[in-house]
Amino acid sequence: MEHTKSVESLKGIGEKTAKLFEKIGVMTVDDLIHYYPRGYESYTEPCAIGELKEDGVGAVDGYLKSGAVGRHFGGISMVTAQISDMTGKLKLVWYHMPYLKNTLRPDSRFIFRGKVTRKKSGLTMEQPQMFSPEMYETMRSRMQPVYGQTKGLGNKTIVSAVEQALSIREMERDYLPPEFRKKHELAEYNFAIEHIHFPQDETDLMFARKRLVYDEFFLFLLEVRNLKEKRKDMLSCWQMKDDTLCRRLERELPYALTGAQKRTLEEVYEDLQDGSVMNRLVQGDVGSGKTIIAVLALLRAAENGYQGALMVPTEVLAKQHFESVTSLFEEHGIDKTVVLVTGSMTAKEKRIAYEKIASHKADIIIGTHALIQEKVVYDKLALVITDEQHRFGVAQRETLGNKGTLPHVLVMSATPIPRTLAIILYGDLDISVIDELPANRLPVKNCVVDTGYRERAYRFIGKEVQKGRQAYVICPMVEESEMIDAENVLDYTKVLRKNLPGIRVEFLHGKMKAKEKNAIMEEFAAGKIQVLVSTTVIEVGVNVPNATVMMIENAERFGLAQLHQLRGRVGRGNEQSYCIMVNASGDSEKNRRLEVLNKSNDGFFIASEDLRLRGPGDIFGLRQSGEMEFRLADIYTDAVTLKEVSEDVDELLSGDKNLELPEHAELKRKLMRYLEFCL
């Protein structure tokens with residue numbers, strides 16, 4: 001089948017380019033077709049030079065009266081040219097493109113498109129794209145997709161590959177029940193796939209996106225309902241009556257649990273002993289104290305002679321939990337063995353850990369996805385806890401659950417999803433909410449600023465580092481992009497190293513190898529790195545109480561709930577913490593959205609405001625949030641669709657619980673493929 005072929009089967013993609021595609025998560029033609037754009041550009045009608053906006057992207061139609069001039073200085077080659085009209089003059093500059101001298105001849109006509117700045121010599125357009133009038137008209141006929149890129153793999157190459165993939169793909173039969181398509185006016189599936197990449201206009205894009213968002217929610221909720229059905233009224237063989245040890249540890253903690261923590265803990269304890277299988281979500285804001293609930297629940301399982309497992313999203317967090325639980329047990333004389341399992345452990349370390357687990361010498365097992373590998377065999381696995389649920393697919397959660405004989409399942413999430421949406425998204429789980437922060441937590445001090453504040457922010461970070469503190473700086477991009485004007489991690493790291501001499505500044509992003517990421521996160525956690533410049537990869541996964549500053553560049557490009565999650569990386573220690581949000585757009589409306597965060601540290605309030613303030617226009621920027629396992633859908637922007645899909649799924653399953661009717665055969669096949677993707 002075409003969709004399972006490697007991207008190397010496409011024209012112009014060799015082994016080297018295929019490896020670059022692999023860096024962005026694209027291995028097959030099917031991966032490429034579902035590698036959706038992260039934004040779009042509309043090519044506007046060329047304007048007069050006098051109408052160009054400074055610091056904006058524009059296009060002009062111009063004749064070159066004289067040819068281009070080439071220069072070399074300091075190892076840099078530069079080609080310059082000039083065009084003019086009745087309204088002004090425009091200087092054109094290209095770096096390291098000497099061959100353009102032969103193209104830019106006197107009296108030649110091109111459409112030049114690029115970012116316009118004002119220099120001493122006047123209006124300048126650097127590195128502009130050049131088009132013949134005919135080619136530019138073709139570009140204007142549809143919106144141009146902008147994809148996530150990596151060094152060596154530009155947007156042009158990805159666009160070309162996607163065009164090829166779409167031209168050779170096998171058309172799929174539409175698997176959605178016709179009544180749902182008609183009811184919600186949903187596009188045909190193949191149309192949606194093609195037009196999410198190459199829409200004619202915003203209306204076309206919205207139509208394509210609406211269908212694909214509906215599909216993502218539909219397949220996800222089908223699996224959630226399937227899980228719910230499997231677990232309905234299941235009796236547990238793991239009843240946990242003994243609670244002496246866990247009650248003692250709770251009493252001996254150096255701090256008192258909040259009322260919300262006590263209420264949640266009692267709900268968990270009740271589930272563990274009442275004879276039914278527990279399936280519970282503990283939803284608590286950043287810093288609300290969910291981890292101690294998990295530790296006490298795991299201890300209760302161990303106290304009753306069973307095993308408990310805690311799965312977290314990153315190796316650094318797994319190690320931190322392992323070390324803190326081990327030391328907590330030692331301090332309080334609790335004779336229970338905790339074992340760590342991560343992917344980067346040596347073969348010998350894994351073998352020793354596996355033996356301890358299989359022989360029940362391990363009471364509590366903490367790890368990453370490595371916990372669900374085939375080689376891990378548990379003995380009396382009675383409790384499974386997954387931390388930061390939105391980083392694990394439903395199917396992965398189920399896989400860990402299947403490691404035991406119907407173990408109790410506890411899911412922990414710091415994503416402050418409004419309760420109405422949480423009930424839909426976690427339909428197979430009971431919900432506990434920790435809506436109270438510990439009394440000793442100092443609220444984070446916030447400020448929303450423009451780009452003119454940067455120099456002061458750098459000095460402030462320097463002062464905090466001198467006090468022995470640490471800082472995060474978040475950028476939306478990994479590296480510079482011709483298509484998206486936003487700060488990037490690699491260049492920003494260089495800027496900070498120059499501005500903060502004597503301070504160790506390192507970078508972190510999702511395209512780095514796991515080993516490199518772990519090394520950087522461990523060094524930051526150990527205080528060896530003072531300033532970490534990162535993408536949102538640090539949203540979950542590391543606990544550094546010593547970090548007191550969070551600076552977020554291009555804050556206007558993120559959803560409020562995600563900004564709140566990022567802010568939650570600071571304010572974890574005893575010192576005052578700060579969050580600096582830089583609105584680089586100069587847009588007062590976006591500033592109004594950011595003011596919600598400026599005035600509130602309440603995640604649930606922020607989530608509901610996020611839901612209220614977002615509109616359809618938000619989808620034309622960078623992806624706003626990464627909850628659950630959706631490629632396009634956003635639980636905040638698409639909340640109305642989510643509720644509609646929930647009703648449709650209930651209606652479908654009420655008439656065909658197991659999708660056994662002939663008219664649902666195609667849907668069943670699609671669901672199976674979806675589950676393979678999740679795993």
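Everything numeric here is computed off the predicted structure, so don't read it as measured data.
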* Counting N and O atoms only, with roles assigned by atom type, does the side chain of T124 sit under 3.5 Å from a partner on the main chain of G122, one being a donor and the other an acceptor? ->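 Judged by distance alone, yes, a pair lies under 3.5 Å.
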* To do: Check K11, R142, K156 against E163 for a salt bridge (charged side-chain N to carboxylate O under 4.0 Å, His left out) and give me the one that passes.
  =>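 For E163, the salt bridge (charged side-chain N to carboxylate O under 4.0 Å, His left out) test succeeds with only one of K11, R142, K156, which is R142.
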* Might you confirm whether atom CE of M27 has over 12 heavy atoms from other residues, nucleotides or ligands at distances under 6.0 Å? =>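 For M27, atom CE is crowded (more than 12 foreign heavy atoms under 6.0 Å).
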Can you see which heavy atom on [X] is nearest to which on [Y], and at what distance?
X    : Y    : answer
S42  : M143 : OG-CG, 3.8 Å
I196 : A208 : N-CB, 3.7 Å
Y147 : H197 : OH-ND1, 2.8 Å
D638 : L632 : OD2-O, 4.4 Å
V29  : S9   : CG2-OG, 4.0 Å
M581 : A555 : CB-CB, 3.8 Å

* **Residue from N554, V473, T451 passing side chain to side chain contact (heavy atoms under 4.5 Å, CB included) with E487** =>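 The option that passes is N554.
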Decide yes or no for [X] and [Y]: does some side-chain heavy atom of the first lie under 4.5 Å from some side-chain heavy atom of the second?
X    : Y    : value
R593 : L560 : yes
K23  : L153 : no
I606 : D602 : no

[Y]/[X] salt bridge by N-O under 4.0 Å criterion:
X    : Y    : result
D215 : R631 : no
E45  : R140 : yes
K19  : E8   : no
E464 : K467 : yes

* Asked: Would you say the ring centroid of F507 lies under 6.0 angstrom from that of Y492?
  ->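 F507 vs Y492: aromatic centres not under 6.0 Å.
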* Do we get R113 above Y43's six-membered ring, with its NZ or CZ under 6.0 Å from the centre and within 45° of the axis? ->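 Pair R113/Y43 counts as cation-pi.
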* Residues in side chain to side chain contact (heavy atoms under 4.5 Å, CB included) with E134, at least two apart? ->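 S132.
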* Modelled atom types, side-chain donor and acceptor of D85 and T87, under 3.5 Å ->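 Present: a donor and an acceptor within the cut-off.
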* Does the side chain of R454 pick up a donor-acceptor pair with the side chain of N499 at under 3.5 Å? ->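 No, no side-chain donor-acceptor contact under 3.5 Å.
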* **With sequence neighbours excluded, residues passing salt bridge (Lys or Arg N to Asp or Glu O under 4.0 Å) with E455** =>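 Partners of E455 by the salt bridge (Lys or Arg N to Asp or Glu O under 4.0 Å) criterion come out as none, since no residue qualifies.
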* **Of all pairs that satisfy salt bridge (charged side-chain N to carboxylate O under 4.0 Å, His left out), the ones with a partner from residues 59-70, not counting sequence neighbours** =>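 Every salt bridge (charged side-chain N to carboxylate O under 4.0 Å, His left out) pair that includes a residue of residues 59-70, provided the two are not neighbours, is D61-R109.
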